[in-house]
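Written out below as structure tokens is the structure these notes cover.
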Amino acid sequence: QVQLVESGGGLVQAGGSLRLSCTASGRTVRSNAMGWFRQAPGKEREFVAAIGFSWSAGSTYYTDSVKGRFTISRDNAKNTVYLQMNSLKPEDTAVYYCARGLSVVSGRSPHEYDYWGQGTQVTVSS
């Protein structure tokens with residue numbers, strides 16, 4: 001079993017920054033891709049960013065709406081994945097979830113992930 005716990009969410013003004021963390025326990029996630037998703041009220045869960053497995057640094061990819069503003073990274077020694085969010089916009093408001101990929105590289109579909117955290121709320125005011 002893997003437990004994922006997100007933290008770092010909160011209320012921020014437009015243009016501000018937040019750093020989300022996702023720490024895994026139970027089993028290591030260092031050999032798996034990790035992803036961040038978000039879900040706004042009344043909308044489907046959508047892919048935000050993912051990072052693949054690598055001994056040094058995993059490949060990263062992002063949904064178009066966050067490219068250049070968000071950065072995903074991982075610290076395998078701490079079993080933790082981060083999402084640095086800069087230049088936040090009101091449309092970034094959502095519950096953010098981290099998830100463990102089924103393999104060393106996972107994509108945009110939630111079906112490519114098996115374990116999920118409980119989510120952390122991010123609210124961006126205009």
Side-chain angles (χ1 to χ4, degrees):
Q1 279 284 8
V2 175
Q3 294 81 40
L4 301 175
V5 178
E6 302 97 335
S7 61
L11 173 64
V12 64
Q13 288 188 335
S17 298
L18 284 173
R19 187 196 196 201
L20 305 183
S21 299
C22 171
T23 299
S25 61
R27 293 181 64 181
T28 180
V29 296
R30 65 186 65 186
S31 298
N32 297 79
M34 296 293 294
W36 285 96
F37 290 75
R38 65 187 180 187
Q39 188 167 19
K43 295 186 177 181
E44 293 186 354
R45 190 169 298 189
E46 67 168 345
F47 170 80
V48 176
I51 184 167
F53 163 76
S54 171
W55 289 111
S56 57
S59 57
T60 60
Y61 43 105
Y62 305 87
T63 193
D64 286 346
S65 62
V66 308
K67 284 180 180 177
R69 299 190 297 123
F70 291 11
T71 302
I72 187 172
S73 61
R74 66 191 302 165
D75 184 337
N76 287 335
K78 296 182 179 180
N79 238 10
T80 299
V81 178
Y82 305 97
L83 186 68
Q84 177 67 44
M85 306 186 296
N86 299 328
S87 302
L88 282 162
K89 304 176 181 179
E91 51 263 44
D92 295 318
T93 295
V95 177
Y96 283 71
Y97 300 89
C98 72
R100 189 189 78 159
L102 287 167
S103 66
V104 297
V105 177
S106 292
R108 301 172 177 269
S109 170
H111 300 294
E112 299 181 64
Y113 299 82
D114 53 2
Y115 291 97
W116 295 79
Q118 83 290 346
T120 185
Q121 177 70 47
V122 171
T123 303
V124 184
S125 63
S126 58

- Item | side chain to side chain contact (heavy atoms under 4.5 Å, CB included) partners of S25, counting only residues at least two apart | Q3
- Taking all non-hydrogen atoms of both residues into account, name the closest pair between P90 and S126 and its distance. CG-CB, 3.8 Å
- Donor-acceptor under 3.5 Å (T60 side chain, I51 main chain): no
- Query: Are any of the side-chain heavy atoms of V81 and C98 separated by less than 4.5 Å?
  - Reply: no
- Task: Starting at NZ of K89, measure out to OG of S65 and round the result to the nearest 0.5 Å.
- Result: 8.0 Å
- Query: Atom CG of L102 and atom CG of N32: how far apart are they, to the nearest 0.5 Å?
  - Reply: 8.0 Å
- To the nearest 0.5 Å, atom CD1 of I72 lies from atom CD of Q84 at 12.0 Å
- Note on the structure: For T123, the side-chain hydrogen bond (donor to acceptor under 3.5 Å, both in side chains) test, sequence neighbours excluded, returns Q121
Contacts under 3.5 angstrom, residues 16-24 side chains, donor-acceptor by atom type, not counting sequence neighbours:
{"from": "S17", "atom 1": "OG", "to": "N86", "atom 2": "OD1", "distance (Å)": "2.9"}
{"from": "T23", "atom 1": "OG1", "to": "T80", "atom 2": "OG1", "distance (Å)": "3.1"}

- Query: Which salt bridge (Lys or Arg N to Asp or Glu O under 4.0 Å) pairs, counting each pair once, include a residue from residues 1-11, with sequence neighbours left out?
  - Reply: none
- Query: Which salt bridge (Lys or Arg N to Asp or Glu O under 4.0 Å) pairs, counting each pair once, include a residue from residues 110-125, with sequence neighbours left out?
  - Reply: R100-D114
- Message: According to side chain to side chain contact (heavy atoms under 4.5 Å, CB included), who are the partners of Q13, at least two apart in sequence or on a separate chain?
- Response: S125
- Can you name the closest pair of heavy atoms from M85 and V122 and give their distance? CE-CG2, 3.8 Å
- Item | Residue pairs, two or more places apart or on separate chains, that pass ring pair (Phe, Tyr, Trp, His ring centres under 6.0 Å) and touch residues 102-126 | F37-Y113, F37-W116
- In short, ring pair (Phe, Tyr, Trp, His ring centres under 6.0 Å) pairs touching residues 65-95 with sequence neighbours left out are none
Extract all donor-acceptor atom pairs below 3.5 Å that involve side chains of residues 40-47 and protein atoms in other chains or at least two apart in sequence.
{"from": "E46", "atom 1": "OE2", "to": "R38", "atom 2": "NE", "distance (Å)": "2.6"}
{"from": "E46", "atom 1": "OE2", "to": "R38", "atom 2": "NH2", "distance (Å)": "3.2"}

- Please check if the side chain of R108 supplies one atom and the backbone of A50 the other of a donor-acceptor pair under 3.5 Å. no
- Task: Kindly write out the residues that satisfy salt bridge (charged side-chain N to carboxylate O under 4.0 Å, His left out) with R69, not counting sequence neighbours, or none if the list is empty.
- Result: D92
- Message: So which atom in A49 and which in L83 form the shortest heavy-atom distance, rounded to 0.1 Å?
- Response: CB-CD1, 4.2 Å
- Y62: what forms a ring pair (Phe, Tyr, Trp, His ring centres under 6.0 Å) with it, not counting sequence neighbours? none
